[in-house]
Amino acid sequence: MFIPDRMYDTVYDIPDTYFTENGIKYLFVDIDNTLVPYEIQNPTKENIDWFERMEKLGIKLFFVSNNGIERVKKYTENLEYKYNADIKKPLVKRYKKFMAENGADAGHSMAIGDQIFTDVVSAKRIGMKAVLVKPIKDKKTAFFRFKRIMEKPFIAIYKSREKREGKI
Ligand SMILES: [Mg+2]
């Protein structure tokens, strides 16, 4: 539940083959610190190029954010992708409803985010693949530092598992 299926530095580093080999058709992406830092309101050129890359793979993109509607609306204002703000990860009620409304089944879905206790846990509870990326820029609060410290043992488990399986 706390261990991501894969870890990459950024969303851009996830190879196309990882999506195609897993039969991924639906991608649920966190915004803050996964695509842009908190203070950046709009998608970057790199973000948009990556969205297009995903589209070329036949993947449908969705944004799933714990942040409020205003932030998410602003980020997506010029995009055609659907979103769910204030989705309350790691809870899964709203998340599952959002998936069902969009015809996304867990078996063909993947989540990408920068936090184990929200992004990874919600995805694993739903039964989909979860990719953890490095946070672009963390908030400098004590709470955030605490969360990152709590994530460390799970990242260590992931790394030893990967090493054992000869992936890295
Ligand atoms: Mg995030």
Side-chain angles (χ1 to χ4, degrees), residues 1-15 18-19 24 26-51 53-54 59-79 81-99 102 104 106 109-159:
M1 187 114 92
F2 297 96
I3 316 292
D5 292 286
R6 283 291 179 91
M7 280 179 65
Y8 292 98
D9 285 351
T10 72
V11 295
Y12 317 111
D13 297 310
I14 308 169
Y18 191 60
F19 300 106
I24 300 306
Y26 311 99
L27 200 52
F28 293 85
V29 190
D30 173 53
I31 298 173
D32 294 313
N33 258 335
T34 297
L35 292 166
V36 285
Y38 282 93
E39 67 273 18
I40 302 292
Q41 297 205 320
N42 297 107
T44 61
K45 169 83 171 69
E46 265 187 312
N47 285 170
I48 290 164
D49 290 347
W50 184 72
F51 301 153
R53 194 181 124 200
M54 293 301 105
I59 291 170
K60 276 187 108 172
L61 274 173
F62 301 91
F63 298 111
V64 283
S65 178
N66 276 356
N67 210 331
I69 184 77
E70 250 141 65
R71 192 286 193 260
V72 180
K73 226 180 201 164
K74 179 81 186 139
Y75 181 82
T76 56
E77 65 186 355
N78 294 314
L79 302 172
Y81 311 113
K82 290 188 183 168
Y83 60 83
N84 201 303
D86 192 24
I87 198 165
K88 304 196 192 306
K89 297 169 278 187
L91 302 182
V92 296
K93 198 176 159 200
R94 288 186 58 144
Y95 208 138
K96 276 185 173 170
K97 188 166 170 257
F98 182 56
M99 288 176 76
N102 290 290
S109 297
M110 184 187 287
I112 306 175
D114 69 296
Q115 291 194 52
I116 286 182
F117 300 114
T118 55
D119 304 310
V120 172
V121 171
S122 55
K124 299 321 288 178
R125 288 179 71 187
I126 292 168
M128 61 175 148
K129 285 239 177 306
V131 169
L132 183 73
V133 294
K134 287 191 179 152
I136 295 173
K137 197 169 113 195
D138 263 342
K139 278 184 191 168
K140 293 273 175 275
T141 64
F143 179 60
F144 254 74
R145 279 203 297 272
F146 174 71
K147 278 208 278 194
R148 294 303 176 197
I149 291 164
M150 296 301 289
E151 285 181 341
K152 279 190 175 147
F154 301 108
I155 290 172
I157 292 169
Y158 167 85
K159 287 198 170 148

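As the structure lists them, so they are numbered: ligands from 1, and atoms in each ligand from 1.
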Report yes or no: does Asp119 have an N/O/S atom closer than 2.8 Å to the Mg ion (ligand 1)? no

Restricting Asp32 to its N/O/S atoms, the closest one to the Mg ion (ligand 1) is O

**Asked** Less than 6.0 Å separating the ring centroids of Tyr81 and Phe62?
**Response** no

Per residue Asp30, nearest N, O or S atom to the Mg ion (ligand 1) is named OD2

With no hydrogens and no angle check, just 3.5 Å: does a side-chain donor-acceptor pair link Tyr75 and Asp32?
no

* Asked: For residues Asn66 and Lys88, is any side-chain donor paired with an opposing acceptor at under 3.5 Å?
  -> no

- Determine whether the side chains of Asp5 and Tyr18 contain a donor N or O and an acceptor N or O closer than 3.5 Å. no

In Asp114, the N/O/S atom nearest the Mg ion (ligand 1) carries the name OD1

